[in-house]
Amino acid sequence: NINNILDFPKKFPDTKIFKLQTNYRSTPEILEVANSSIKNNQRQYEKKLKSIKKKSSKPAHVALGDSYQQADFICQRILELQEQGISLNSIAVLFRAAYQALELELELNKRNIPYEMRGGIRFFEQAHVKDLISYLKVFNNIKDELSWMRMLQLYPGIGLSAAQKIWHHIAKFSNLQDLCQSTITISHKADQSFQDILTLLKKLLKIEKNFISTAIEMILKQGYATYIESSFENAQERIEDLEQLANFALSYKNLDEFLAEVTLSEAFKGQKDMNNEKGSDESLILSTIHQAKGLEWKTVFLIGLIDGQFPHRRVFDKPHELEEERRLFYVAVTRAQ
């Protein structure tokens, strides 16, 4: 809570304030961007950072059409920087929220550029994303036992034993239509949950347009959002991840193509782990701005600078929170050496 800092002198009248205004990390041009942004905050201890470094080139502001162009640009630029002798370890991509790096992660996988997600895990490795993908995999392939077992155990009354019993029932069918008409003898609570699953699958079978995106939204509404709220502390962030995944899915023509991308992402992680075992540990750094505090890199990309992403969309309803967004921006741009 920023008020703990801003109100400190009010609570302790004898407080002395020392301003640390010399910056040893960034160039004057980078600090000019940081200073120009933060000066708009009303509630702050005013100070102006000054660099000990010589003048350099201005930070580049790159306007791109969408997140796919952004991912393509960054990957191309990283390859150019590597050719100039800059190691991947000294390059970072920073973002306001993890979902903003989704398209970039997939593009890095395609180009075989190794990367490390700092202070977190890759988008498709997160529990809530894996959960939701399991629904889609089940819909795509009724014989996908692993996805069924994961999905079934998200529901009340269905533990491992009940899930195995339900799976043996499911395995008898070759299509979802016949499964949805079937019955099984299990406990009342487990049966209620299984009927909820079948009801959801029936609704998914009726989707005619934008299947993946609409399916994700439907899965959230039909109970998974409630599950997230009861299971995770950062529920809203996880729901936003899945809403973004629904938007991302609009670019795919069919479910097979979408799941192939997911599989590629999973396979790339395994390949990178094998490479690391052989001693190749150089990798690009991906990080939220919060996780990047106190760190620095030779080259920094700051992505998603667009209304609703960074600054976060909540500032539309709570304008005073724009000041916190500026503080985050200030942190982000000053991570660059």
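Scanning both residues, L31 and S26, for their nearest heavy atoms gives CD2-CB, 3.9 Å. Nearest heavy atom pair, residue L200 against residue Y135, reads CD2-CE2, 3.6 Å. Between G304 and Q309, the shortest heavy-atom distance links the atoms O-CB, 3.6 Å. Residues Q69 and G65 come closest through the heavy atom pair OE1-N, 2.8 Å. Nearest heavy atoms, K48 versus Q21: N-OE1, 2.9 Å. Here the closest heavy-atom approach between residue W148 and residue I142 is recorded as NE1-O, 2.9 Å.
Using a cutoff of 4.0 Å between basic side-chain nitrogens and carboxylate oxygens, E296 and R25 are scored as salt-bridged. Taking a cutoff of 4.0 Å between a charged side-chain nitrogen and a carboxylate oxygen, K221 and E217 do not qualify as a salt bridge. Under a 4.0 Å N-O distance rule, the pair K143/E145 does not qualify as a salt bridge. The pair E240-R96 fails the salt-bridge criterion, with no side-chain N (NZ, NE, NH1 or NH2) lying under 4.0 Å from an Asp/Glu carboxylate O. One finds no salt bridge joining R43 and E323 here, because no Lys/Arg side-chain nitrogen approaches an Asp/Glu carboxylate oxygen to under 4.0 Å. K10 has a carboxylate O that lies under 4.0 Å from a charged side-chain N of D7, or vice versa, which qualifies the two as a salt bridge.
Looking only at distances, a side-chain donor or acceptor of S193 sits under 3.5 Å from a matching main-chain atom of P156. Judged by distance alone, with hydrogens and angles left aside, the side-chain atoms of S230 form a donor-acceptor pair with the main-chain N or O of Y227 at under 3.5 Å. The main-chain N or O of S56 is never found under 3.5 Å from a side-chain atom of T27 such that the two would form a donor-acceptor pair. Within the 3.5 Å criterion, the main-chain N or O of I2 finds no donor-acceptor partner in the side chain of R327. Proximity of a side-chain donor or acceptor of Q100 to a complementary backbone N or O of A97 within less than 3.5 Å is detected. In this structure a side-chain-to-backbone donor-acceptor pair under 3.5 Å is present from K165 to T185. No donor-acceptor distance shorter than 3.5 angstrom exists from the side chain of S147 to the backbone of D144, with no hydrogens or angles considered. Remark: side-chain polar atoms of T214 are paired, donor with acceptor, to backbone N or O of K209 under 3.5 angstrom. Under a 3.5 Å cut-off, the side chain of N210 and the backbone N or O of S213 do not form any donor-acceptor pair. In this structure, the side chain of R118 does not engage the main chain of I285 through any donor-acceptor pair within 3.5 Å.
Using a 4.5 Å cut-off on side-chain heavy atoms (C-beta onward), F329 and L305 make contact. Residues I113 and C75 have side chains in contact (heavy-atom distance under 4.5 Å, counting atoms from C-beta outward). In this structure, L328 and F310 have side chains that are in contact, with non-hydrogen atoms separated by less than 4.5 Å. Under the 4.5 Å side-chain criterion, counting only non-hydrogen atoms from C-beta, P9 is in contact with Y45. No side-chain heavy atom of D196 sits under 4.5 Å from any side-chain heavy atom of L198. At least one side-chain heavy atom of E29 sits under 4.5 Å from a side-chain heavy atom of P59. At least one side-chain heavy atom of F258 sits less than 4.5 Å from a side-chain heavy atom of L245. Using a 4.5 Å heavy-atom threshold, the side chains of I239 and Y224 count as separate.
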Between K39 and E46, is the salt bridge (Lys or Arg N to Asp or Glu O under 4.0 Å) condition met? List the steps. CA-CA 8 Å; K39 74 178 183 182; E46 287 188 19; over 6 Å; no
Intermediate values then yes/no, side chain to side chain donor-acceptor pair (under 3.5 Å), Y155 and Q192: CA-CA 9 Å; Y155 287 80; Q192 278 186 318; over 6 Å; no
Could you walk me through whether V62 and F301 pass the side-chain contact (heavy atoms from CB on, under 4.5 Å) test, one step at a time? CA-CA 10 Å; V62 184; F301 295 91; over 6 Å; no
Intermediate values then yes/no, side-chain contact (heavy atoms from CB on, under 4.5 Å), N41 and Y330: CA-CA 11 Å; N41 276 12; Y330 184 89; over 6 Å; no
Verify side-chain contact (heavy atoms from CB on, under 4.5 Å) between L94 and W297, making sure each step is shown before the conclusion. CA-CA 11 Å; L94 306 181; W297 295 272; 4.1 Å; yes
Could you walk me through whether D307 and V315 pass the side-chain contact (heavy atoms from CB on, under 4.5 Å) check? CA-CA 9 Å; D307 281 346; V315 303; over 6 Å; no
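The 12-atom threshold is not exceeded at CG of L20, counting heavy atoms of other residues, nucleotides or ligands nearer than 6.0 Å. More than 12 heavy atoms of other residues, nucleotides or ligands lie within 6.0 Å of NE2 in H320, so this atom counts as buried by the packing criterion. By the neighbour-count criterion of 12 heavy atoms within 6.0 Å, atom NZ of K53 is densely surrounded, having more than that number from other residues, nucleotides or ligands. Shown here is E233, whose CD atom has no more than 12 heavy atoms of other residues, nucleotides or ligands within 6.0 Å. Enclosure of atom NZ in K202 by more than 12 non-hydrogen atoms of other residues, nucleotides or ligands within 6.0 angstrom is indicated.
Note that the CG atom of N247 and the CG atom of L242 stand 11.5 Å from one another [nearest 0.5 Å]. Note that CD1 of I158 and CE of M151 are 8.5 Å apart. Values are rounded to the nearest 0.5 Å. A distance of 10.5 Å separates OG in S37 from CD in E325, rounded to the nearest 0.5 Å. With values rounded to the nearest 0.5 angstrom, Q82 atom CD is found 4.0 Å from L88 atom CG. Expressed to the nearest 0.5 Å, how far OG of S67 lies from CZ of F248 amounts to 8.0 Å. Considering CZ of F124 and CD of E105, their distance stands at 8.0 Å, rounded to 0.5 Å.
Side-chain atoms of Y99 and E237 include no donor-acceptor pair closer than 3.5 Å. In the model, N1 has no side-chain atom that pairs as donor or acceptor with a side-chain atom of N4 under 3.5 Å. A side-chain donor from one of Y68 and S251 sits under 3.5 Å from a side-chain acceptor of the other.
If you run salt bridge (charged side-chain N to carboxylate O under 4.0 Å, His left out) between D131 and each of K137, R150, R238, only R150 comes through. The residue from E324, E321, Q236 that alone fulfils the side chain to side chain donor-acceptor pair (under 3.5 Å) condition with R314 is E321.
Linking Ile, Leu, Val, Met, Phe, Trp and Tyr residues whenever their side-chain heavy atoms come within less than 4.5 Å leaves I17 and F8 in two separate clusters. In terms of hydrophobic clustering, with Ile, Leu, Val, Met, Phe, Trp and Tyr side chains grouped at heavy-atom distances under 4.5 Å, I91 and V300 are assigned to different clusters.
By the side-chain contact (heavy atoms from CB on, under 4.5 Å) test, E32 is found to be paired with S36, residues two or more places apart in sequence or in another chain being considered.
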